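Worksheet: one structure, shown below.
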Amino acid sequence: MNIIDNISFEVIVVDNGSSDNTQEKIQDFNKRLKIINIIENIPGKSRSLNKAIEISSGRIIMITDDDCVVSKEWILNAINIFKNNDFMLCGGRIELYDKSDLPITILTSKLKKRLEDKHEIFSFVFGANLAFGRVVYNKIGGFDHRLGPGVPTKSAEDIDFVYRALKEGIQVIYEPDMLVKHGHGRRTEVDRFQQISNYSIGDGAISVKYILKGDIFIALDRFLKYIDILKNIKNGKIYIKIAILRLRFIIGIFQFIKITIMGEPGVM
């Protein structure tokens, strides 16, 4: 436990199969800040997040990604946001760390807002900057191991988490004061199309998850989104390529069903 300015907090890092000097960096940081270091050998961001949350002891849980830099006031701002209500999920502002990167997977609005329209869940908040009360985790459970980076479904673990919270009547808000900077490193059109591909696979996975539960909202929303893309094909070749990539949602459907039936990769 770290205590700075009468604020107690834990820093938990999950090393999910790193092949660089992550462990050396953690040891170096430990000289200045106590870090709980977890090794998770089974691939998957969702599994790693859940393991960290289960080990943690705080009433407010904040998560970010390995390519993000949090602002100096990140924790303090979250404490102020959750001062009167823990039963809430909050997404924060995400800006580019390096202006050379493509302006994707960021949220730059400086206006506070509440999620009122379910159709906005795919762009309202992102997993690179989320905070929620432990009571939310206890209510809706953790991130779905079958979704997200590190497993064949590629993405949508954060969308699924937000959607489950919304279905349980939990307030979902966007708070621009809670800021991280995203150094995602994607700078070419190839990078952009790869991201579209990953999101499309995730779309298929999360769609079939809820179809199997008798909830067709997400599948219908994604279908209507695809119709909009098809309407734009006449505007240039790039839309044709996007339309083709979006068909990879079919891969997501099969991957989710495969994982559900046969078990997660790396799990016996």
Side-chain angles (χ1 to χ4, degrees), residues 10 12-19 22 36-58 60-68 89 91 105 121-122 124-168 170 172 194-195 197-215 217-219 222 248-268:
E10 299 166 316
I12 302 176
V13 176
V14 185
D15 185 340
N16 190 213
S18 68
S19 57
T22 293
I36 300 172
N37 183 19
I38 302 172
I39 306 294
E40 175 53 71
N41 292 318
I42 300 174
K45 178 182 175 181
S46 292
R47 172 176 290 277
S48 299
L49 287 173
N50 290 341
K51 192 163 188 176
I53 295 169
E54 289 160 8
I55 290 172
S56 70
S57 59
I60 302 171
I61 298 162
M62 304 180 69
I63 63 174
T64 189
D65 288 345
D66 57 359
D67 55 1
C68 291
L89 188 152
T105 60
I121 61 169
F122 283 85
F124 192 79
V125 295
F126 294 149
N129 190 9
L130 278 184
F132 44 92
R134 181 171 296 278
V135 289
V136 170
Y137 178 81
N138 293 339
K139 177 70 174 178
I140 70 173
F143 292 84
D144 192 330
H145 293 179
R146 298 168 295 179
L147 299 171
V151 296
T153 54
K154 303 292 185 181
S155 64
E157 81 294 338
D158 48 355
I159 307 303
D160 173 67
F161 193 77
V162 172
Y163 186 55
R164 283 189 282 131
L166 202 62
K167 283 166 68 72
E168 289 292 339
I170 296 167
V172 179
Q194 182 61 58
Q195 194 70 7
S197 173
N198 291 344
Y199 285 160
S200 300
I201 293 171
D203 283 355
I206 191 173
S207 293
V208 74
K209 171 180 177 173
Y210 285 97
I211 288 174
L212 294 173
K213 290 176 175 289
D215 180 349
F217 169 76
I218 287 182
R222 295 296 85 189
R248 293 177 70 84
F249 79 88
I250 298 171
I251 295 175
I253 292 172
F254 284 107
Q255 290 290 2
F256 185 86
I257 293 173
K258 180 180 177 181
I259 294 172
T260 301
I261 293 174
M262 301 182 64
E264 300 169 64
V267 180
M268 299 301 292

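This is a predicted model, so every value here is computed, not measured.
A donor-acceptor pair under 3.5 Å is absent between the side-chain atoms of E40 and the main chain of D15, judged by distance alone. Between the side chain of S48 and the backbone N or O of G44 there is at least one donor-acceptor pair closer than 3.5 Å. Put simply, the side chain of N16 never gets that close to the backbone of N41: no donor and acceptor are under 3.5 Å apart.
For K139, the side chain to side chain donor-acceptor pair (under 3.5 Å) test picks out no residue, with sequence neighbours left out. Partners of I55 under the side-chain contact (heavy atoms from CB on, under 4.5 Å) rule, at least two apart in sequence or in another chain, are I36, I38, K51. Scored by the side chain to side chain donor-acceptor pair (under 3.5 Å) test, E168 finds no partners at all (sequence neighbours excluded). The side chain to side chain donor-acceptor pair (under 3.5 Å) test applied to S19 returns no partner, not counting sequence neighbours. Taking F161 as the reference, F132, F143 meet the ring-ring contact (aromatic ring centres under 6.0 Å, His included) condition, with sequence neighbours excluded. The salt bridge (charged side-chain N to carboxylate O under 4.0 Å, His left out) search around R248 returns none, not counting sequence neighbours. Partners of D144 under the salt bridge (charged side-chain N to carboxylate O under 4.0 Å, His left out) rule, at least two apart in sequence or in another chain, are R146, K209. Remark: D66 engages no residue in a side chain to side chain donor-acceptor pair (under 3.5 Å) (not counting sequence neighbours). Residues passing the ring-ring contact (aromatic ring centres under 6.0 Å, His included) test with F122, sequence neighbours excluded: none. Taking D67 as the reference, nothing meets the salt bridge (charged side-chain N to carboxylate O under 4.0 Å, His left out) condition, with sequence neighbours excluded.
Rounding to the nearest 0.5 Å places CD of Q255 at 10.5 Å from OG1 of T260. To the nearest 0.5 Å, atoms CG (D203) and OG1 (T153) are separated by 11.0 Å. Rounded to the nearest 0.5 Å, atoms NZ (K154) and OG (S200) are 12.0 Å apart. Between atom CG of residue N138 and atom CD1 of residue I140 there is a gap of 10.0 Å, rounded to the nearest 0.5 Å.
Contact annotation: the side chain of L130 approaches that of L89 to within less than 4.5 Å [non-hydrogen atoms, C-beta and beyond]. In this structure, F126 and D158 have side chains that are in contact, with non-hydrogen atoms separated by less than 4.5 Å. Counting heavy atoms from C-beta outward, F249 and I201 have side chains that stay 4.5 Å or more apart.
Residue I206 is tested with I218, I253, I121 for a side-chain contact (heavy atoms from CB on, under 4.5 Å); the sole match is I218.
Residues Y163 and D215 share a closest heavy-atom pair of OH-OD2, 2.6 Å. In terms of heavy-atom proximity, S155 sits nearest to G202 at OG-CA, 3.3 Å. Taking both residues in full, the closest heavy atoms of C68 and A128 are given as SG-CB, 3.9 Å, listed atom of the first, atom of the second, then distance. Of all non-hydrogen atoms in E157 and P149, the two that sit nearest each other are OE1-CD, 3.2 Å. Considering all non-hydrogen atoms of both residues, I211 and A219 come closest at CD1-CB, 3.7 Å. In terms of heavy-atom proximity, L147 sits nearest to S46 at O-OG, 2.9 Å.
Open room surrounds CZ on F254; 12 or fewer heavy atoms of other groups in view lie less than 6.0 Å from it.
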task = Take S57 and E10 through the side-chain hydrogen bond (donor to acceptor under 3.5 Å, both in side chains) test and state the conclusion after the steps.
result = CA-CA 8 Å; S57 59; E10 299 166 316; 2.8 Å; yes
request  = May I have the step-by-step check of side chain to side chain contact (heavy atoms under 4.5 Å, CB included) for M62 and I60, ending in yes or no?
outcome  = CA-CA 7 Å; M62 304 180 69; I60 302 171; 4.2 Å; yes
task = Using the side chain to side chain contact (heavy atoms under 4.5 Å, CB included) rule, take R222 and F217 through it: C-alpha gap first, then chi angles, then the decisive distance, then the call.
result = CA-CA 9 Å; R222 295 296 85 189; F217 169 76; over 6 Å; no
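Sorted by first and then second residue, the salt bridge (charged side-chain N to carboxylate O under 4.0 Å, His left out) pairs with a member in residues 249-263 form an empty list; sequence neighbours excluded. For residues 127-137, the side chain to side chain donor-acceptor pair (under 3.5 Å) pairs, not counting sequence neighbours, are E54-Y137, S56-R134, W74-N129.
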